[in-house]
Peer 1: 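Submitted below is the structure of interest, expressed as structure tokens.
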2 protein chains.
Amino acid sequence: METKGRAMRADAERTVRTILEAAERVLAADSAATMEQIAAAAGVARTTVHRRFATREALVEALVAWATERFHQAVEAARPLTSPPLVALHQVTVNVLQVKIGWRFAMSRPAASGSEAAYEHADILAQCDELFRRARDAGLVASGTDLEWARRVYYALIHEAAEEGRELVDAGAVDRLAARVVDTLLHGVGAQAQPGPSGLSGSSGPSGPGAGGSAR
Amino acid sequence: METKGRAMRADAERTVRTILEAAERVLAADSAATMEQIAAAAGVARTTVHRRFATREALVEALVAWATERFHQAVEAARPLTSPPLVALHQVTVNVLQVKIGWRFAMSRPAASGSEAAYEHADILAQCDELFRRARDAGLVASGTDLEWARRVYYALIHEAAEEGRELVDAGAVDRLAARVVDTLLHGVGAQAQPGPSGLSGSSGPSGPGAGGSAR
DNA sequence: AGTAGATGCGACAGAAATGACGCAACTAAT
DNA sequence: ATTAGTTGCGTCATTTCTGTCGCATCTACT
């Protein structure tokens, strides 16, 4: 990826970064945006974009590769294979949320098969599965759970949280979002115990003891 | 929508249906498919598609409108406002899953603002919120839950289940998927009780009583 | 059977995006 | 200061999709 025949000049490297950042911004708002729009957002001429990225496809691929690298780092930094499952789950969620919020477009694209990014995604997936396996062995996840389903649910919850967190900026917000993701993943949104024998209470009136259990 | 100057001839009406069905199929596989591809899949000439739908946009809009109608019917048929919350939740999930599996493309698009479909979506959303409110009052959903988050999670789970159910065809499969969606929504994938005092068990070894509770 | 409507086919025009070039002006590195 | 690399601008060719039209043929309704 970085193995060019010769090192880039400093200004050229800056331009590449600027273009990629602009591409992420523009494409997040409209995934069908043209090279022209991306160039305008980057403050460069359209031909310059084409000089750096031969085709539109190449630009997107580079963008995905860049984001995937950060994604990978975010997961690894949480040490999902060694720290206690619950801690790892929370930390991974926090780190991934930050990346997903900042790289919405690039993270929503599948990596080209055979690419470096594809390998990284596969590696992340394997680490995720391993984490869930450990969580199950530790009694954190129910023993009868289909781990593939658990992973899918986890990914989906993170996606929702990231969507919700797009406008938030304060540091604590990501932590709160992550806490909710983990809590929902493990316990759902239901009350702890089911009130009636079959769980089928009346339609709307206050049937059971309304208090049930205030917090969770 | 159906108020044309004159009724369509029978064959023309068949053609419109055929085109819409083909469009759903083709666009589900590639949302950027051309009118040419859609026409080919429908077995008609490209010009015929343009005769029935002036622009590509109009075609997609009609497709969304058609699917949204079915979506709406699927929700209403489950009587989410009157049946017991848990029953309604399951029935809505089953019905919606069937529509989402068969109308993957159309259901993945937002309705044009101001359109009939947009009103239907809003109505469905209101019914969903009302259902969750009732579920909370009945003690099915924890009282402290953010209902908007609950709805988002619910939508996301249905989406995942629909994605998984794309290849399935046997009747019971949808019921099983729906059961898993509702179960996960309410209870998550975690074990019922947290083993340790803080939930932080050892990294991988069998720490707590592995049996915990065999099934759910 | 007769008529109005529907379709297939070929052709055409227009728009928009992509990608490539050459040249003049500028800038980083030596 | 020299040199090599970089950028902006204008231009051009090509491709692809869209949308329209006319005409011959066929088909549904009465």
Side-chain angles (χ1 to χ4, degrees), chain A residues 1-66 105-106 109 112, chain B residues 1-66 105-106 109 112:
Chain A
M1 200 36 91
E2 309 294 341
T3 42
K4 286 297 177 65
R6 200 172 301 163
M8 266 175 146
R9 227 171 70 176
D11 52 352
E13 205 144 356
R14 262 212 324 266
T15 303
V16 170
R17 292 176 79 91
T18 306
I19 292 174
L20 285 175
E21 286 167 7
E24 165 59 37
R25 246 178 304 138
V26 172
L27 291 173
D30 173 16
S31 60
T34 69
M35 301 290 264
E36 182 96 47
Q37 292 173 271
I38 294 170
V44 301
R46 188 176 65 90
T47 49
T48 300
V49 179
H50 272 109
R51 253 191 290 265
R52 295 303 162 201
F53 306 96
T55 71
R56 179 198 169 81
E57 203 184 352
L59 169 60
V60 172
E61 198 180 340
L63 186 56
V64 170
W66 201 25
F105 169 76
R109 298 219 102 217
Chain B
M1 202 37 91
E2 310 292 342
T3 40
K4 288 294 177 64
R6 200 172 302 162
M8 265 177 150
R9 229 172 70 175
D11 51 352
E13 204 143 359
R14 263 211 325 266
T15 302
V16 170
R17 294 175 78 91
T18 306
I19 292 174
L20 286 174
E21 285 166 8
E24 166 58 38
R25 246 178 304 140
V26 173
L27 291 173
D30 173 16
S31 60
T34 69
M35 300 292 262
E36 183 97 48
Q37 293 173 271
I38 294 169
V44 300
R46 187 177 65 91
T47 48
T48 301
V49 178
H50 272 110
R51 254 192 288 264
R52 296 304 162 199
F53 305 96
T55 70
R56 179 198 168 83
E57 202 185 353
L59 169 60
V60 172
E61 198 181 341
L63 186 56
V64 169
W66 202 22
F105 169 76
R109 300 219 103 220

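Throughout, protein chains are lettered first and strands after them, A, B, ... in sequence-line order, and every chain is numbered starting at 1. On a predicted model such as this, the values are computed, not experimentally measured, just so you know.
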Peer 1: Identify every side-chain donor-acceptor pair in residues 20-30 of chain A under 3.5 Å, counting partners at least two apart or on other chains, and give the distances.
Peer 2:
unit_1: Glu24(A); atom_1: OE1; unit_2: Ala106(A); atom_2: N; d: 3.1
unit_1: Glu24(A); atom_1: OE2; unit_2: Arg104(A); atom_2: N; d: 3.0
unit_1: Glu24(A); atom_1: OE2; unit_2: Phe105(A); atom_2: N; d: 3.0
unit_1: Asp30(A); atom_1: OD1; unit_2: Ala32(A); atom_2: N; d: 3.0

Peer 1: Indicate whether OP1 or OP2 belonging to dG8(C) is found under 4.0 Å from a side-chain N or O atom of Thr48(B).
Peer 2: yes
Peer 1: Between His50(A) (NE2) and dT6(D) (P), how many Å, whole number?
Peer 2: 18 Å
Peer 1: Might you work through the side-chain contact (heavy atoms from CB on, under 4.5 Å) test for Leu63(B) and Arg109(B), ending with a clear yes or no?
Peer 2: CA-CA 10 Å; Leu63(B) 186 56; Arg109(B) 300 219 103 220; over 6 Å; no
Peer 1: Starting at the 5' end of DNA chain C and moving along, which residue's nearest nucleotide shows up first, Val16(B) or Ala54(A)?
Peer 2: Val16(B)
Peer 1: To the nearest 0.5 angstrom, please state how far the CZ atom of Arg14(B) sits from the CE atom of Met8(B).
Peer 2: 12.5 Å
Peer 1: Using whole Å, what does the distance between atom C1' of nucleotide dG5(D) and atom CD of Glu13(A) come to?
Peer 2: 14 Å
Peer 1: Within the 4.0 Å heavy-atom criterion, would you say Thr55(A) contacts the bases, only the backbone, or no part of the nucleic acid?
Peer 2: sugar-phosphate
Peer 1: Please give, in whole Å, the distance from dG19(C) P to Arg56(A) CZ?
Peer 2: 9 Å
Peer 1: Quick check: closest heavy atoms across Ala54(B) and Ala58(B), and the distance to 0.1 Å?
Peer 2: N-CB, 4.4 Å
Peer 1: Pull out every residue in residues 23-38 of chain A that has a heavy atom closer than 4.0 Å to any atom of DNA chain C, ordered by number, or say none.
Peer 2: Thr34(A), Met35(A)
Peer 1: With sequence neighbours left out, write down each residue that passes side-chain hydrogen bond (donor to acceptor under 3.5 Å, both in side chains) with Arg52(B), or none if nothing qualifies.
Peer 2: none
Peer 1: Output all residues satisfying salt bridge (Lys or Arg N to Asp or Glu O under 4.0 Å) with Arg9(B), sequence neighbours left out; order by chain, then residue number.
Peer 2: Asp11(B)
Peer 1: Hey, does Val60(B) have a side-chain heavy atom less than 4.5 Å from the side chain of Phe53(B)?
Peer 2: no
Peer 1: Check residues 37-49 of chain A and write down every donor-acceptor pair under 3.5 Å in which the side-chain atom is one partner and the other belongs to a residue at least two apart or another chain.
Peer 2:
unit_1: Gln37(A); atom_1: OE1; unit_2: Thr34(A); atom_2: N; d: 2.9

Peer 1: Just by protein heavy atoms under 4.0 Å, how would nucleotides 23-30 of chain C read 5' to 3' in B, S and -?
Peer 2: ----BBS-
Peer 1: Classify the side chain of Thr47(A) versus the base of dC9(D) as yes if they form a donor-acceptor pair under 3.5 Å and no if they do not.
Peer 2: yes
Peer 1: Looking at every strand, decide which applies to Thr15(A) at a 4.0 Å heavy-atom threshold: base, sugar-phosphate, or nothing.
Peer 2: sugar-phosphate
Peer 1: Nearest-Å distance, CG (Leu59(B)) to P (dT18(D))?
Peer 2: 10 Å
Peer 1: If we fit an axis to the first five pairs and another to the last five of the helix from dA1(C)-dT30(D) to dT30(C)-dA1(D), what angle do they make, to the nearest 10°?
Peer 2: 40°
Peer 1: Is Arg46(B) touching bases, backbone alone, or none of the nucleic acid, heavy atoms closer than 4.0 Å?
Peer 2: base
